[in-house]
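All values below were derived from every heavy atom in this structure, side-chain atoms included, with hydrogens, water molecules and symmetry-related copies excluded. Naming: A, B, ... by sequence-line order, numbering from 1 per chain. Fair warning: this is a prediction, and the values are worked out from it, not measured in the lab.
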Amino acid sequence: MPSQEMDKLLAQRQNVRQQNKKSQTPYAVGLLVFLIAVGGLLWTKDIYYPIFWGVGAALGYVLRSSRFCFVAAFRDPILLKNTKLMRAMILALAVSSTGFLLVQQHYLAQHPGADAGQLPGILNPVGLHTVIGAFLFGIGMVLAGGCASGVLMRIGEGHMLPWVTLLGFLIGTTWGAKDYPVWYHWLMEKAQTIYLPDVFGTAAAFVLQMGALAVLYTLAAWYQKKHSKDNKQENAHGN
Amino acid sequence: MEIKDLDCLYEACPIPLIRAIQALRTMQTGDILVVHSDESCAAVMMQEWAQQNGYSIRVTESDVGEWEIYLQKP
C-alpha cells in the first residue's frame, strides 16, 4: 500500500506546528531525585524497604513500556480479534506457576504437613463466588479502562481520568471489606481450597498446568492468525 | 483523496480505536484519517490493528502527551 501521501501530510503538519514542545527532561530528573531521596529515607528505617521501593518503581516502568494490560488481554481478543496480550499473559502464568511451585515446595520441605491455605502465593477457596466476582470485575475493568495496576500506571503517566477510577476502587474495596462477612457466609463458607499438587501429585499437576497453558496459547495464536488479513506482515513485525 | 480529522482527546482506551474503525467505514480507498489522542495505548493498539487488517499507519507525538495517528484506507 503506497503511503507517501501520509508521509507528505505528516511532514506538512509537522512544519506548521513548529518545535514548541516543552522539554520533559527536568521532570524526569526531578522524579529520579525524588525516587532516590525517598529510597534513602526508607533505608534508615529498614534495609529491605529501598529494595521494595525500587522493585515497585521498576515494575511501574516495565508495565508502562511493555503496555502489559490485563484489561486488553481479555478485551482485545473479543473486540479486535487480537490475542497478543492474552498470549503474553499465558506466558506470564506459565512462568509464575513454575516459580511459585518452587517456592511452595521449598516451604513444604521446611514446614512438613502445612495446610494448602498457609502456602505462599495466597491460595483461596474456589467456588461460585470466584465466577461471580470475576464477571463483575470484568465488566468494571473494561468500563474503567484499567485494572488496579493499569489505573496506577496511567496516573503515573499523567492521565486525570484514572483518578476517578481510583476513587471508585477505594470506595468499592472498603465497601467490599465491610460486607465481606455476609459474602463469606453465603458463598464462601463451604467452598474448598484446592491445591492441585495435593490432588494429582506434584509432577502430574505441573505437567497438567503447563499442558493446559500450552493448549490455550496455541488456540489464541490460531485465533489471531485466522482473523488476520496479512499473515506475512505480522511475522515481519519487530516491535 | 480526502483527509478527515477525528478528535479523540480525553477518550480512554479503547474508544479512539472504535471511533476510528467507525469513521473508516464511511471513507473511500486512499482516504486518510487522522486520529488525535492523548491515550498513549491508543497508538500501540492501532498499530497492531492496522497491521492485522492491512492498513498503512503513521504515528507521531504531536505535542507532549498527545499523539496523531494517520491511517490510510486500503
Original post:
Under 6.0 Å from the OH atom of A:Tyr223, do we count more than 12 heavy atoms belonging to anything else shown?
Top reply: yes
**OP:** Drop me the distance from A:Met6's CE to B:Ile3's CD1, to the nearest 0.5 angstrom.
**Re:** 11.0 Å
Subject >> Within-4.5 Å side-chain heavy-atom neighbours: B:Tyr70 and A:Leu9 >> reply: yes
**OP:** Mind listing the closest non-hydrogen atom pair of A:Glu5 and B:Gly30 along with its distance?
**Re:** OE1-O, 4.1 Å
**OP:** Examine whether an atom of B:Leu71 lies under 4.5 Å from a heavy atom of chain A, and if so say whether it belongs to the side chain, the backbone or both; otherwise answer neither.
**Re:** backbone
**OP:** Return the option, out of A:Leu161, A:Leu79, A:Asp7, A:Asp76, with the maximum number of heavy-atom pairs under 4.5 Å with chain B.
**Re:** A:Asp7
Original post:
If you count heavy-atom pairs under 4.5 Å between each of A:Glu157, A:Gln24, A:His159, A:Arg75 and chain B, which one has the most?
Top reply: A:Arg75
**OP:** Name all residues meeting the ring-ring contact (aromatic ring centres under 6.0 Å, His included) criterion together with A:Phe70; count only those two or more places apart in sequence or in a different chain, and write none if there are none.
**Re:** A:Phe68
Original post:
B:Ile18, B:Ile21, B:Asp5: which one forms the most heavy-atom pairs within less than 4.5 Å of chain A?
Top reply: B:Asp5
**OP:** Kindly compute the distance separating CZ (B:Arg58) from CG (A:Leu10), expressed to the nearest 0.5 Å.
**Re:** 8.0 Å
Original post:
In terms of heavy-atom contacts, does CD1 of A:Ile139 have more than 12 from other residues, nucleotides or ligands at under 6.0 Å?
Top reply: yes
Original post:
Side chain, backbone, both or neither: which part of B:Ile57 has a non-hydrogen atom closer than 4.5 Å to chain A?
Top reply: backbone
**OP:** Indicate yes or no: at least one non-hydrogen side-chain atom of A:Leu80 is less than 4.5 angstrom from one of B:Met45.
**Re:** yes
Original post:
Does A:Phe137 CZ have over 12 foreign heavy atoms under 6.0 Å away?
Top reply: yes
Original post:
Side chain, backbone, both or neither: which part of B:Val64 has a non-hydrogen atom closer than 4.5 Å to chain A?
Top reply: both
Original post:
About how many Å separate OG of B:Ser40 and CE of A:Met153, when rounded to the nearest 0.5 Å?
Top reply: 6.5 Å
Subject >> Part of residues 56-67 of chain A lying next to chain B, heavy-atom separation under 4.5 Å >> reply: A:Arg64, A:Arg67
Original post:
Taking B:Ala12, B:Gly65, B:Pro14 one by one, which has the highest count of heavy-atom pairs under 4.5 Å against chain A?
Top reply: B:Pro14
Original post:
Can you name the closest pair of heavy atoms from A:His227 and B:Gln52 and give their distance?
Top reply: O-NE2, 3.6 Å
**OP:** Drop me the distance from B:Gln51's CD to A:Lys84's NZ, to the nearest 0.5 angstrom.
**Re:** 8.5 Å
